[in-house]
Peer 1: 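Take this structure first; my questions come after.
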Amino acid sequence: MRKHFDFYGYNAPTCGKYYVDGEVYFLGEDFRSVKRYKEYKDIGFNIALLQHDNAYNGEPWEKSSAKKVMDICAKVGLKVILEDKVVKDLPKEEILVGENGRFKTEEEFEEFIDNATKVYRNHPAFYAIQLQDEPAFKNLKNYAIVYKKFKKMFPNMVLQCNLLNMVLHSHIAPDPENLQTRAEDLASYLRYFAKESDIDYLMTDEYAFQRKNVISRFSIPTFQVFANVCRETGKEMRMVLQSFCQEACVINPQKPDELDGGVAWRRINEKEMYWQMNLALGCGCKEFSYFTYFTKARKRFIGKRSGSDGVDGGALVNLDGTRTKLWFITKKIIKEFKEFEPVIIDYQYDNGYFFFPEGKEKTDFDSTKEAILSDVKNIPISVKTPKYPIYVTEMKNGSSRMYMVQNVGNPIEETLYNKRVTTIEVELGELADKAKFYYKGKRVERELNGTILKEKLGLGQAIFIEIE
């Protein structure tokens, strides 16, 4: 049982080069420095994910960027998840082991892994290897084989296995020619990998804030499916959250699931960061990462439009190393989560249910259009909400219960339309006398009207109610 949350960001500080349509430029500072990695740690991160320029490609280890950064991480007290591109390609093989496979025998496979990882796996900063990112269902079998082989050889080694969410439906479906609902196919995808790999967690990246200032209709149900399957299989839940508002562009009408990158066209704000962080915490998440920490160094242009995420404003730190406003916001929120950690760390997700304003239903709000409505009977608390949908999750720790009560309306409405906080009424019933309240990581006092809690909740905000 873990005792602490983990935090990290995709794309740690780079070598200072950036690339535009194949041309190489230098910003004048190598960001692979103790100063910059102390800054990375100062936001609240305890893990560094080394990718791209900081990945290991099988070159001489002593001269590699990966070793340079791992040495720095050891000095500043960061654990490292390393992208080893030689290892990362393994799950892509059509056949891994066998007469027609990449390796003829299991021994040959194990010898390859041993030789590929021996230069770095005993480094004091080494923590994990990143396997192939976002594997389609067709790659899950090999993904699981590689994972199990590593765990057999190195039982204490961690492997980062980031799975798909429900956006690319045909990629997660067991049978792309016979699609079920997205929720059903995502659940099947997760159950298959959990069984085949025997991994102890399930992880995905979920980016809620996308086109036209709406919340993706797939975000909340993705959180729900992951939380439900994690509860069912006894796995821990981990999430990659976003630091920018992404517009994904469909470029092939015949393949609507095929998206061309993303345009980072609006940095998300503090309320949106709380929206996704509270939701993840309320669904039982124990590890939180962000896409991205440092602006991606590779850019390409399609006509006049950027076809990548490598534009300033799309990360916590700009390409030239300047910290954005969201860097400071994220630092504050992580600090609040860590203050709340001793209270909530042992609670496990059990269920979730929605409450809507009178006369409204889930399809009236972009955030809940595809939400999965619980059929739980005898819900222990109820909520009256005048304006926005309220999501309540129930977590358990022995005989104790924790309820997250969150306003999951769209936070951008406060900026665009000057929307204000809404006052909700939470009917606690017989639980009222035992209730403790937590807001933004701190214990707060609340006066009840009988058994009713009246609480002002801004868009994205949540109050946590503990019943011991």
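Residues: numbered from 1 along the sequence shown.
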Peer 1: Can you spot which of Tyr8, Phe337, Tyr10 makes a ring pair (Phe, Tyr, Trp, His ring centres under 6.0 Å) with Phe288?
Peer 2: Phe337
Peer 1: What orientation do Tyr293 and Phe45 show, parallel under 30°, tilted 30 to 60°, or perpendicular over 60°?
Peer 2: perpendicular
Peer 1: Ring centres under 6.0 Å, that's the criterion: do Phe103 and Phe109 meet it?
Peer 2: yes
Peer 1: Check Glu370 with Arg182, please: is the shortest side-chain N to carboxylate O separation under 4.0 Å?
Peer 2: no
Peer 1: Return the orientation label for the Phe193 and Tyr143 ring planes: parallel under 30°, perpendicular over 60°, tilted otherwise.
Peer 2: tilted
Peer 1: Salt bridge or not between Lys85 and Asp89? Use side-chain N to carboxylate O under 4.0 Å.
Peer 2: no
Peer 1: Do Arg121 and Asp114 meet the salt-bridge criterion of a basic N to acidic O distance under 4.0 Å?
Peer 2: yes
Peer 1: So, Glu236 and Lys286, do they make that salt bridge, N to O below 4.0 Å?
Peer 2: no
Peer 1: Between Lys149 and Glu110, is there a salt bridge with N-O shorter than 4.0 Å?
Peer 2: yes
Peer 1: Checking side chain to side chain contact (heavy atoms under 4.5 Å, CB included) against Asp205, which of Glu134, Gln242, Arg238, Met239 comes through?
Peer 2: Glu134
Peer 1: Salt bridge between Lys35 and Glu39, side-chain N to carboxylate O under 4.0 Å?
Peer 2: no
Peer 1: Between Tyr56 and Tyr120, what is the ring plane arrangement, given parallel below 30°, perpendicular above 60°, and tilted in between?
Peer 2: perpendicular
Peer 1: Against Asp185, only a single residue in Gln180, His169, His171 fulfils side-chain hydrogen bond (donor to acceptor under 3.5 Å, both in side chains); can you say which?
Peer 2: His169
